[in-house]
Amino acid sequence: MANSSEFNAELLLSHKYPETTFTYTERDAVIYSLGVGACGRSAVDVDELKLVYHENGQQFVKVLPTFSALFSLKLMPTGALELPGLEYDPRLLLHGQQYIEIYKPLPSNGSIRNEVSLAGFHDKGKAAIAEIETRSYEKESGELLCMNRMTVFLRGAGGFSKSSQPFSYSNYPKNQVPAVKIPKTQPFKVFEDSTQPSQALLYRLSGDYNPLHSDPMVAKVAGFSRPILHGLCTLGFAVRAIIKCICRGDPDMVKSISGRFLLHVYPGETLITEMWLDSTRVIYQAKVKERNRTVLSGFVDLNRLASSL
Ligand SMILES: CCC/C=C/C(=O)SCCNC(=O)CCNC(=O)[C@H](O)C(C)(C)COP(=O)([O-])OP(=O)([O-])OC[C@H]1O[C@@H](n2cnc3c(N)ncnc32)[C@H](O)[C@@H]1OP(=O)([O-])[O-]
């Protein structure tokens, strides 16, 4: 537990994160799609081939909306996050939540300028929670493309509040909070997908080289029997399942995405994504079949519904 004398709220809240850039090509978008399992069940999948190949005269590959979560990767090159005013052990850091808003379909290649800020910071006693917001602009046009809010869960870093009221700060609307109630009814769609034992080793090629996902010793120190899957890889699997089952394979129908990581996933486990439709909102949860445990839940808001649903 963090010592209250080590926490300096003023220093943390006034910290300015530097702007970052992210340049990608179509090859990066394809490696990402393969990393979240596109065409993993069939190399001629009609809903997914467009994510990895120019089929039928298609000019560009289509890009999954969750690809945008990579834009701010430079912020944590080795898995640690700069939080001046707080001491914490980066080896105990876990990805807690991800919230994404897409304002324009993601191009198949591009150069992105990111504005980064601290959107929230909370003392949860046993943990501290930091929320980092990244607004991503297309460099050439200057247009705002998307916003990502990443929540990091810093195990062991809570308990620093000096007053009896735990320290809590956030600067965004309450309706963007990802907590969802899973309906008691049967899901509208269910999709089962296997992750490969090498899934995290493939996914890391998209730029998240945190050794928690590849190094057995680092995983042990973090409390896991072996390296675990990147949270964003699990989210990528779940959102891809929704795009396949509800958007008829069209990634451009996704407006916003929210997910909370409830439990770690081991590469090689089977993910079952259950989906409920509530107007243009898809409420979902992903379970690991082998352990019968829910590992992720959230919602995806769509621009419209597919006419054939
Ligand atoms: C980031 C880039 C690096 C990437 C790394 C990875 O990919 S790692 C791989 C991917 N990530 C993973 O594998 C992580 C998987 N998730 C886990 O292992 C666990 O959910 C946990 C350890 C994050 C929290 O478990 P626990 O039993 O210690 O928690 P609890 O139930 O006792 O609640 C305590 C308080 O925290 C709140 N809160 C709870 N959960 C979350 C959350 N996810 N998010 C945010 N907040 C959360 C909860 O509301 C409560 O606050 P309240 O209500 O009192 O004000």
Side-chain angles (χ1 to χ4, degrees), residues 1 17 20 35-36 66 68-83 88-100 116 118-134 148-159 161 165-170 172 174 176-181 195 199-204 206-215 218-219 221-238 258-267 269 271 285-288 291 293-298:
M1 200 157 278
Y17 289 91
T20 60
V36 299
T66 42
S68 70
L70 302 181
F71 291 171
S72 55
L73 272 180
K74 276 194 191 149
L75 207 62
M76 302 176 64
T78 55
L81 177 67
E82 202 186 340
L83 290 168
Y88 74 96
D89 184 346
R91 296 172 305 176
L92 301 182
L93 176 158
L94 290 173
H95 199 159
Q97 297 172 170
Q98 189 76 18
Y99 176 72
I100 306 174
V116 183
L118 185 74
F121 195 78
H122 313 276
D123 185 352
K124 296 290 184 189
K126 59 182 172 182
I129 291 181
E131 302 179 276
I132 301 288
E133 189 171 293
T134 303
N148 269 265
R149 196 176 302 122
M150 169 183 77
T151 303
V152 291
F153 195 92
L154 306 167
R155 290 177 292 167
S161 298
Q165 196 70 355
F167 181 87
S168 196
Y169 157 81
S170 41
Y172 58 86
K174 276 213 159 47
Q176 294 179 353
V177 174
V180 288
K181 270 211 168 74
T195 67
Q199 202 71 50
L201 298 174
L202 172 60
Y203 181 83
R204 74 194 281 277
S206 284
D208 185 343
Y209 297 110
N210 184 340
L212 173 63
H213 310 292
S214 48
D215 190 313
V218 174
V221 171
F224 302 103
S225 59
R226 56 192 168 95
I228 61 171
L229 201 58
H230 303 71
L232 287 176
C233 183
T234 309
L235 184 69
F237 266 79
S258 177
R260 177 180 270 213
F261 303 109
L262 303 168
L263 193 69
H264 59 279
V265 175
Y266 288 115
E269 290 188 313
L271 290 174
Q285 66 178 3
K287 288 180 178 164
V288 160
R291 288 181 283 151
R293 299 284 302 273
T294 304
V295 292
L296 167 67
S297 71

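In each ligand, atom 1 is the first atom listed, and ligand 1 is the first ligand listed.
- Between F261 and ligand 1, at least one pair of N/O atoms sits closer than 3.5 Å.
- In terms of polar-atom proximity, defined here as any N/O pair under 3.5 Å, L93 makes no such contact with ligand 1.
- Proximity of V152 to ligand 1, defined as any heavy-atom pair under 4.0 Å, is confined to the side chain (atoms from C-beta onward).
- Of the polar atoms of L262, at least one N or O is found under 3.5 Å from an N or O of ligand 1, judged by distance alone.
- For H213 and Y203, the ring centers are positioned 6.0 Å apart or more.
- Of all the heavy atoms of V265, none lies under 4.0 Å from any atom of ligand 1, so neither backbone nor side chain is involved.
- Looking at every heavy atom in both residues, G35 comes nearest to C233 through O-SG, 3.4 Å.
- For atom 12 (C) of ligand 1, the nearest non-hydrogen atom of the protein is H95 O, 3.8 Å.
- Side chains of Y266 and S225: a donor on one and an acceptor on the other come within 3.5 Å.
- Proximity annotation for atom 35 (C) of ligand 1: of K124, Q98, M150, K126, K124 comes nearest, heavy atoms only.
- Neither the backbone nor the side chain of H122 comes within 4.0 Å of ligand 1, counting heavy atoms alone.
- By the criterion of a heavy-atom distance under 4.0 Å, the backbone of L229, and not its side chain, is placed next to ligand 1.
- Considering backbone and side-chain atoms together, R155 places no N or O closer than 3.5 Å to any N or O of ligand 1.
- Interatomic distance, L262 CG to Q285 CD, rounded to the nearest 0.5 Å: 8.5 Å.
- Nearest protein neighbour of atom 45 (C) of ligand 1, counting heavy atoms only, is Q97 OE1, 3.4 Å.
- A side-chain donor from one of E131 and H122 sits under 3.5 Å from a side-chain acceptor of the other.
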